[in-house]
> 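Quick one: the structure is below, questions incoming.
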Amino acid sequence: MEHTLLCVLLLLNTHINSGHSEDDDALPKATLTVEPNPVFPGETVTLMCSVGSDSIWNYQWYKDRNDNVVSQSDRHTITGDTLTINGATVNESPYWCQGKRESRPTSSSISDPVTITVNALPRASVSVSPQGLLYSGETVSLQCDIPGYTDWTYYWFRDNQHLPSQTSKGIIFTIPITLTGQTGQTGQYRCEGLRTDRPQRSLPSDDVTISVTALPKATLTVEPNPVFPGETVTLMCSVGSDSSWSYKWYKDRNDNVVSQSGYSNIGVSHTSKAAESDQGQYWCEGNRASRPTSSQPSDPVTLTVKDYLPKTTLTSDKENIFTGDSVTLSCTVESSGWKFYWYRHRPDSTPVTTTSGYSYTLSWVSVSDGGQYWCRAGRGDPVYYTLYSDPVQIIITERPVAVLILQPNWTQIFRGETVTMRCDIQGGGDTDWDYRWYKNSQLFSPFNTKPEYRISPVYRSNSDSYTCEGVKGNKFSKTSEAVKLTVSDQPQPVLSISPQWLNPGASVMLSCGVKDLSTDWWFSWYRTVPYRAGLPSLSDKSYSLQPISDNVTSEDSYTLIPAGATPTGGYVCRAGRGDPVYDTLYSEPQCLWSGDLQPSVSLTVNPNTTQHFRWTSLSLSCELKGNSTGWRLKRYTETAWQSECPSTWRSITESTCTITSLDTWSSGVFWCESGSGEYSNAVNITVNDGDVSLESPVHPVTEGDSVTLTCTFRYQETNPKLKADFYKDGVLIKNETTGEMTIPTVSKSDEGFYKCKSGERESPESWVTVRVSPVVSPGSSTSVLVGVVVGLVVAGVLLVILLVLLWRYQNRKGSCFNRIFWPLQPQSTNQDPQQDQGSTQGQTPDTVYTHLQHGDANIYDTINPSDNNDNDAAGASAAGPSHVTYAQIQLKKLDKKKKEKRDYLKENPVYSEVKTGKATAAAGHFDVTYAEVDLQKKVKAKKKRGNTPTLYPPLWPLFQKLTTQ
C-alpha cells in the first residue's frame, strides 16, 4: 500500500515538472551585454539587459546567485535597462538579469550569466646607462619602458617631485663633479605613462637610485726629500693598484706640465743631480680609456733641495769599556732613507760593516776591537754619500777580576762567630768602586761602597756560596769565584788525658781536639772543683771550673808535671779564636786517676779485686785518715759523668756504698772526693757477665812484692779443679795451672794487662800497676835519711857546677865553651863507675870529678872544693884515699815543636860520689854517694797533631846509693 502511494507521487511530480518546462520555453529570454569587457582597474563597466523589442519591461539584476538581487549603491548604478559598475578593480563574479512586467508573460527567462574580467595596467620600468659605478662628471641616461602599448606620454619624478620638462621616453643628465671627491646619492628616479586609448595610464616604475662614486685619487711620493745638491730624486705617482693609468706631472701650477707633454704611462719621474731650481710643489693625475677615464689630482708635495752637503755625527754610548762588554755606535744624519757604512782605523778603508739602521753594536768586545771608528751614510742608485763623521776613540781594557776573600779564612765557621767577606778588584786601577754581593747567584746587596761585608753573628742560615763583583758607573768587573761559607753549630772540643791513670812522678798530657783543627785556636785548661759562685761552671752546676795556672796555650796539648799534691781529678778544656774571641763549648769533663793510696783518704773494695761476677754484691768505702771530712763516693762510667752513690745501691753512709746485686752497668771507676776537691785513689771495677773472672790487686803493687792472680769460676763449687791458662798483654805466660799464678818478686816489666782462660771461656783483662820503690843502700837506717841525702846530692851537684865554672874562668881565661867541650887533662871519658872509682886512687884527696853530658859527649873535670883546707888534705893524704864525688849532669832543652821521648833508664848510668862529712885519719872506709841527676826544662804544652795514644810514662828515677866503707 505504501509502495503504491510512493509511485503515484513520483509520477505526479514528473508530470508537473514536465508541464513547467514547456511553459518556460515559451517565455521570452533576457539578453545581457557588457561594455567594456575586459576592463582595466578603475574603469566604469556598463551592463545592458533587453527582452525582445518591447520596452515595457522592467529589469532585475542578480549577482553570484539567483536570489542575490543587486540594489542601487555607490558602486552600482541602475538606470532602466542599464547597470553601471564604477571603478572595477578585480574580476567581477557572474551577473544575470531578468525582465518583469504586468502583462503576460509577466517575466522573462533569466539571461545567461556574464563575468567581468579586470586586466592589470602596464607597469613602467627605468633603465640606467652606463651600468656599474658612476663617477662624478659622467653623463647618465635614464629610459622609461612601458610594455604592450604605444603612444604614451611619459612623466618623470625625482625624489617624488614631478619633472615637468621631461616627457620623453628617455632622459640624459650629467652627475656634477664635486671638488671634495665625496661618494654619495644624487637622487631617486621613477616614471609612468598616460595616453588617450585604453589603458589610459600605466603603473609607475620602481624608484631607481643614482649613486655617485668619487674619482680615484692619485698619490704622489717623493724620495728622498729633502734632497741634497747632486742627489737623484724620484717622484712616483700611482692610482690604486690598476696599472692601466697614464700620468701627467705638474709643478707649481696646473698649466705647468713637467717633462713630457700630455700624459705619460710611466708612473715614475726622475730628477738626476737635483739643483736648487728643482725645488717647488709637485702633483700628478692619471687618465685612461676605461671608466673612470681620469683620476683626481694628487695632493701637492713640496720638494726641498738643500744648499749644502750632508754630514754624519758619530757617537758612542761608552768609550772606556772592559773586555766582554758591548758598545753601541750611533751615526746620525738629517732626513731618512740612508744606509750606514762603518770604518775602523782609516776612513778610506773597506767598511767593517754596513747597516740599514743608524746604530752598530759591538758585542763581547776584546782588546783588539779598540781603536778609532768613523761612519758615513749613503742612499739612492747610484749611491749618494754623505761626508765622513769625526772619529770616535774606543778604549778596551781587560776586565778587572773580583776576588772574594773570607776573613778569617777558616774552612769551618761556627755559629756565633764573626765573618768578614772582602771583595778585592784586581787590575781595576783606582779604588773608586762600588760592590755587589750575591748569595747562591741571587743579588742580596745591590749597592755597597765598602769592599767588605760583615756578618756578625753568623748563623747556619748564612751557609751558602757567595760571590761579589765591582761596579763603576756602567762598568762591571768579573764576578768572583764562589766562596763556600759553611756554618756549623757551636763546637764542643773533646778532651783526652794520657795516661788517664797516673804513675807516680810521671807527666800527663792533656789534649783538646776541635772538629776543625786550625792554627788559630787558643786553648784554655780547667780543673773541676766543687761548685763555687763566680767561677765558670758546668751546665748542671755540679762542678765549677778553676783555670790551671798559665792555662791559655796556642797548642792543643798541655803537659801536667806533678808537683806537690797528686793532680788527680776532673779536667775540662775550651778553645777560642778570632777577634773578638769566639769560644767553643766546654769539653765534657775527663778524669785523671791515681791508683796509689792517698794520705788523707783511701778507697777500699770488698771483695778486694777489680773483677766481679754479675749478681754478686760489692762494698766500697772511703776510709778517712786524720781530720779530713766531707768525703763522698763518686763513680765514672763510659756513658755518664761523675755521679754519686744512687739510692738503689742502698747506701749506708755518704762515704760507703753497698751494691747488693751487681750488673754490667755498674762497671766504672770509683773514687772518693771531698768537698774541697781532694781525691782519693781510684779503683777500676769491671762487672763480668761471663763464667770466668780474674782476681787481681785493686791497688798498685810495689816492686819486689809477691803478687798472686787467681782465676775463679762462677760455679766454682761444681768443678773446683778446673785448669786455667794465664795471659799477659795477649801472650800466654803460664798454662795448665790450678787456677792461680804467683809472681814472687814483681818488677816494672810485670806491669800490663792480665787475663785467664779455661777452655773456650776467658775472663776480661785487668791492668796490674807496679809501683817502683826507691833504691836504698843497706847502710841506710831510715827513709828520712834517704830524703836528706837526696837533697844534699842535688844541692852539691849544683854547687859543683857553679864552682867549676867560676874556677875555670879565673884560672884558665879561656872560653867557657871550650872549657865545657874541650876539657883539660887529666880527664877520663866515657868510663863506667868502677873505672872512675879506680882512677881516683893516687890522685889528690877531695878531688871531685864532674861528668857533664851534652848530647853524646861525656866530659869529666877535676874540681877542688873550696871548703877543704890544707889540714884536711894532709890528713886525708896520710890516711889514703879521701872522700871522692862523681856527678853526672844531663842538660837537655826540649823542642817545643816536637815531643822528645824521655828515657830515664840508661844502660850505663854514671854515679857521682858525694862527700857527706869530713875525712879523718881514723876513718876506715869513707862514705861514697852515687847520684844521677837529670835536669830538664819544663814544657807546659806541646802541639799535638792527630790522635794521642794512651801512654804510661815511666817514673822519674832518682837513684841514690849510700855506701859506707
> Backbone N or O of Arg532 within a donor-acceptor pair of the Ser544 side chain at under 3.5 Å?
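Present.
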> Would you mind reporting whether Ser693 and His612 have side-chain heavy atoms less than 4.5 Å apart?
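With C-beta onward as the side chain, the pair stays apart.
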> Considering non-hydrogen atoms only, spot the tightest contact between Cys672 and Leu603 and give its length.
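Nearest pair, atom of Cys672 first, then Leu603: SG-CD1, 3.9 Å.
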> Output yes when a side-chain donor or acceptor of Gln500 lies under 3.5 Å from a complementary backbone atom of Cys591, and no otherwise.
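Yes; judged by distance alone, with no hydrogens or angles, the pair exists.
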> So, do Leu618 and Leu620 sit near enough that their side-chain heavy atoms are less than 4.5 Å apart?
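With C-beta onward as the side chain, the pair touches.
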> Check whether the side chains of Ser747 and Ser749 place a donor and an acceptor atom closer than 3.5 Å, and report yes or no.
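Short answer, yes.
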> With rounding to the nearest 0.5 Å, note down the distance linking NZ in Lys634 to OH in Tyr679.
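The OH atom of Tyr679 is 8.0 Å from NZ of Lys634, to the nearest 0.5 Å.
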> Please enumerate all residues that pass ring-ring contact (aromatic ring centres under 6.0 Å, His included) together with Tyr586, with sequence neighbours excluded.
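With sequence neighbours excluded, Tyr586 shows a ring-ring contact (aromatic ring centres under 6.0 Å, His included) to Tyr526, given in chain and number order.
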> Compare all side-chain heavy atoms of Ile413 with those of Leu485 and state whether any distance is below 4.5 angstrom.
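A side-chain contact under 4.5 Å exists here.
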> Just by modelled atom types, is the Asp583 backbone N or O under 3.5 Å from a matching donor or acceptor in the Gln490 side chain?
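Yes, the answer is positive, given that a donor and an acceptor are paired below the 3.5 Å cut-off.
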> Taking salt bridge (Lys or Arg N to Asp or Glu O under 4.0 Å) as the definition, give me every residue that meets it alongside Glu762, ordered by chain and number, with sequence neighbours left out.
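Lys755.
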> Nearest 0.5 Å, please: how far is CG in Leu694 from SG in Cys756?
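Reported value, rounded in 0.5 Å steps: 5.0 Å.
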> Side chain to side chain contact (heavy atoms under 4.5 Å, CB included) for Gln407 and Met421? Distances and angles first, verdict last.
CA-CA 6 Å; Gln407 297 175 338; Met421 290 180 284; over 6 Å; no
> To the nearest 0.5 Å, tell me how far Glu673 CD sits from Tyr543 OH.
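Going from CD on Glu673 over to OH on Tyr543, the span is 3.5 Å.
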> Let me confirm one number: the NZ-SG distance from Lys757 to Cys711, rounded to the nearest 0.5 Å.
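These two atoms lie 11.5 Å from each other.
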> Name the orientation class of the two ring planes belonging to Phe414 and Tyr582 (parallel below 30°, tilted from 30 to 60°, perpendicular beyond 60°).
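Judged by the thresholds at 30° and 60°, the geometry between Phe414 and Tyr582 is parallel.
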> Could you tell me how the ring of Trp593 sits relative to the ring of Trp671: parallel (under 30°), tilted (30 to 60°) or perpendicular (over 60°)?
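Correct class here is tilted.
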> On a heavy-atom basis, which atom in Thr609 and which in Val698 lie closest, and how many Å separate them?
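Where Thr609 meets Val698 most closely, the heavy atoms are N-CG2, 3.3 Å.
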> Would you kindly say whether Ser524 and Arg574 are connected by a side-chain donor-acceptor distance under 3.5 Å?
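No pair is found: no donor N or O on one side chain lies under 3.5 Å from an acceptor on the other.
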> Where do Tyr754 and Met741 come nearest, in terms of heavy atoms and distance?
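Distance-wise, the nearest heavy atoms are CE2-CE, 4.2 Å.
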> Can you name the nearest heavy-atom pair linking Thr528 to Val572, along with the distance?
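It is CG2-CG2, 4.0 Å.
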> Can you find a heavy atom in the side chain of Met509 that is under 4.5 Å from one in the side chain of Ser507?
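Answer no - side chains too far apart.
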> Examine distances only and state if a side-chain atom of Thr584 and a backbone atom of Pro493 form a donor-acceptor pair shorter than 3.5 Å.
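Checking the backbone N and O of Pro493 against the side chain of Thr584, no donor-acceptor pair under 3.5 Å is found.
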> For the atom pair OG1 (Thr420) and OH (Tyr453), what is the distance rounded to the nearest 0.5 Å?
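Output value for this atom pair is 11.0 Å.
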> List the steps and the verdict of side chain to side chain contact (heavy atoms under 4.5 Å, CB included) for Glu740 and Leu709.
CA-CA 6 Å; Glu740 288 187 351; Leu709 304 179; over 6 Å; no
> Report yes or no: is the cationic atom of Arg577 (NZ for Lys, CZ for Arg) under 6.0 Å from the centre of the six-membered ring of Trp522, at an angle within 45° of the ring normal?
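The answer is no, since Arg577 fails at least one limit relative to Trp522.
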> Once rounded to the nearest 0.5 Å, what's the spacing between atom CD1 of Ile497 and atom CG of Leu560?
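Reported to 0.5 Å precision, the distance equals 8.0 Å.
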> State whether a side-chain donor-acceptor pair under 3.5 Å links Trp525 with Thr553.
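The criterion, which ignores hydrogens and geometry beyond distance, is satisfied for Thr553 and Trp525.
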> Kindly indicate whether the side chain of Leu510, heavy atoms from C-beta on, has any atom under 4.5 Å from the side chain of Leu495.
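Side-chain contact under 4.5 Å: yes.
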> Check Thr745 against Gly704 and note the closest heavy-atom contact, atom names and distance.
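In terms of heavy atoms, the two residues are closest at CG2-CA, 3.6 Å.
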> Taking all heavy atoms of Asn462 and all of Tyr466, pick out the closest pair and write down the distance.
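Here Asn462 and Tyr466 meet closest at O-OH, 2.7 Å.
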> Just to verify, what does Thr418 make a side chain to side chain donor-acceptor pair (under 3.5 Å) with, not counting sequence neighbours?
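Side chain to side chain donor-acceptor pair (under 3.5 Å) list for Thr418, sorted by chain: Ser456.
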> For a quick test of your reading: what N or O donor-acceptor pairs under 3.5 Å do the side chains of residues 683-690 make, sequence neighbours left out?
unit_1: Asn688; atom_1: OD1; unit_2: Gly690; atom_2: N; d: 2.7
unit_1: Asn688; atom_1: ND2; unit_2: Val692; atom_2: O; d: 2.4
unit_1: Asp689; atom_1: OD1; unit_2: Arg614; atom_2: NH1; d: 3.2

> With a 4.5 Å limit on heavy-atom distance, are the side chains of Tyr571 and Leu592 in contact?
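In short, these two side chains touch, coming nearer than 4.5 Å.
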> Hey, is the main chain of Phe753 close enough, under 3.5 Å, to the side chain of Asp729 for a donor-acceptor pair?
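Yes; judged by distance alone, with no hydrogens or angles, the pair exists.
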> Any non-hydrogen side-chain atom of Asn681 less than 4.5 Å from a side-chain atom of His699?
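A side-chain contact exists here, since the closest heavy-atom pair is under 4.5 Å.
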> With a 4.5 Å limit on heavy-atom distance, are the side chains of Arg460 and Asp489 in contact?
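Side chain of Arg460 against side chain of Asp489, heavy atoms only: contact under 4.5 Å found.
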> For the side chain to side chain donor-acceptor pair (under 3.5 Å) test, which of Thr710, Thr708, Thr610 pairs with Ser696?
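Result: among Thr710, Thr708, Thr610, Thr610 is the only option passing the side chain to side chain donor-acceptor pair (under 3.5 Å) with Ser696.
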> Under the side chain to side chain donor-acceptor pair (under 3.5 Å) test, which residues partner Glu452, sequence neighbours left out?
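Side chain to side chain donor-acceptor pair (under 3.5 Å) check on Glu452 returns Arg422.
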> Ser496 vs Ser511, test: side chain to side chain contact (heavy atoms under 4.5 Å, CB included). Steps then yes/no.
CA-CA 5 Å; Ser496 61; Ser511 298; 3.3 Å; yes
> Using salt bridge (Lys or Arg N to Asp or Glu O under 4.0 Å) as the criterion, list what pairs up with Arg454, not counting sequence neighbours.
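Salt bridge (Lys or Arg N to Asp or Glu O under 4.0 Å) check on Arg454 returns nothing, list empty.
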> Would you sort out whether Phe613 and Trp615 count as a side chain to side chain contact (heavy atoms under 4.5 Å, CB included), showing the intermediate values?
CA-CA 6 Å; Phe613 286 115; Trp615 313 127; over 6 Å; no
